[in-house]
Amino acid sequence: MKQTIALLALLLAGFQATACTLTARPVLATPDTTVAVMREAFDKDDVGLFLHTLGRPVLKEYSEHIIRIGWSDIRPHVGSFVESAKVIEVADLPRAGAPRRPPNGFVEPREGAQLKRVRLAVGDAQEDFLFELEVDDAPQHSKQARGFWIGDRYFVRTQHHSPQTYLVEDSPEKERTHWRLVFPYHAYQQQGALTEKLQRQLAAEKE
């Protein structure tokens, strides 16, 4: 089950590169933007862009390394789902409470996270997906960074008499704030029509 869910994550997430990435990533200002960026990731065969759309709970359960390894094999089979997915409804949810222990292979949003329910349609099938708001850490050398390295020594900004000498780039929080997918979320994916459809497709591919 966990292996199947890991494969599903590569598709239905569609819809992290870390803060230290060398390539600037788009701001995921709304879930609609996230879906569009995921589609772009499939179109451009860009796994880094795909990872940028996945929430921290997803990458905690399914590491970036695992997703990168499986990308080339899974992308051809699931790309059509992502390309035809449409956002048909977005709704605010209460902030996440303390995370429960989900069934094996599923993930939970982070405690206190701001959440949205996003309903996607692929053809006649529809399913809800969970998105959470995340703020990435400020990159190295930015004015907003907590500290900096000099040689092999790390200084918290309050430990140095002139941090402004080293922290010179600007990285506003709004440029590091993203709506990212939390998938597979048990309450939505346990009986989701799109998840079930993809499971059947993946099972057929293995036969």
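Just so it is clear, the values below take in all heavy atoms, side chains as well, and ignore hydrogens, waters and symmetry mates. In this chain, residues are counted from 1 in sequence order. Values in this document were obtained by computation on a predicted structure and should not be read as measured data.
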Can you give me the closest heavy-atom contact between [X] and [Y], atom names plus distance?
{"X": "P99", "Y": "E111", "answer": "CD-CB, 3.8 Å"}
{"X": "E132", "Y": "R110", "answer": "OE2-NE, 2.6 Å"}
{"X": "P31", "Y": "K116", "answer": "CG-CD, 3.9 Å"}
{"X": "L49", "Y": "D46", "answer": "N-OD1, 3.0 Å"}
{"X": "V58", "Y": "L181", "answer": "CG2-O, 3.4 Å"}
{"X": "P57", "Y": "P109", "answer": "CG-CA, 4.1 Å"}

Please tell me if the side chains of [X] and [Y] come closer than 4.5 Å, counting only heavy atoms from C-beta onward.
{"X": "L93", "Y": "L130", "answer": "yes"}
{"X": "Q126", "Y": "I88", "answer": "yes"}
{"X": "V118", "Y": "E89", "answer": "no"}

Main chain of [Y], side chain of [X]: is a donor-acceptor contact present, judged purely on distance under 3.5 Å?
{"X": "Q189", "Y": "D128", "value": "yes"}
{"X": "S63", "Y": "L59", "value": "no"}
{"X": "R117", "Y": "A91", "value": "no"}
{"X": "R39", "Y": "A85", "value": "yes"}

Do the side chains of D136 and R180 get close enough for a salt bridge, i.e. N-O under 4.0 angstrom? yes

When you check the gap from the basic side-chain N to the acidic O, do K86 and D32 get nearer than 4.0 Å? no

Spacing of [X] atom [atom1] and [Y] atom [atom2] [to the nearest 0.5 Å]:
{"X": "T30", "Y": "L133", "atom1": "OG1", "atom2": "CG", "value": "11.0 Å"}
{"X": "F129", "Y": "T34", "atom1": "CZ", "atom2": "OG1", "value": "13.0 Å"}
{"X": "T195", "Y": "Y188", "atom1": "OG1", "atom2": "OH", "value": "13.0 Å"}
{"X": "T33", "Y": "W179", "atom1": "OG1", "atom2": "CH2", "value": "12.0 Å"}
{"X": "D124", "Y": "K197", "atom1": "CG", "atom2": "NZ", "value": "8.0 Å"}
{"X": "E127", "Y": "L194", "atom1": "CD", "atom2": "CG", "value": "5.0 Å"}

Assess whether side chain to side chain contact (heavy atoms under 4.5 Å, CB included) is satisfied between V182 and L54, documenting all intermediate values. CA-CA 7 Å; V182 179; L54 303 182; over 6 Å; no

Geometric class of the F42/W71 ring pair [parallel <30°, tilted 30-60°, perpendicular >60°]: tilted

How are the rings of H52 and H178 set relative to one another: parallel (under 30°), tilted (30 to 60°) or perpendicular (over 60°)? perpendicular

Could you see if V37 belongs to whatever hydrophobic cluster contains V27? Use Ile, Leu, Val, Met, Phe, Trp, Tyr and a side-chain cutoff under 4.5 Å. no

Can you hop from I69 to V47 via hydrophobic side chains spaced under 4.5 Å? no

Go through K174 and V135 one step at a time and tell me if the side chain to side chain contact (heavy atoms under 4.5 Å, CB included) criterion holds. CA-CA 8 Å; K174 67 179 181 179; V135 180; over 6 Å; no

Applying salt bridge (Lys or Arg N to Asp or Glu O under 4.0 Å) to R56 and E134, what does each step give before you reach the verdict? CA-CA 8 Å; R56 292 169 191 165; E134 298 183 350; 3.8 Å; yes

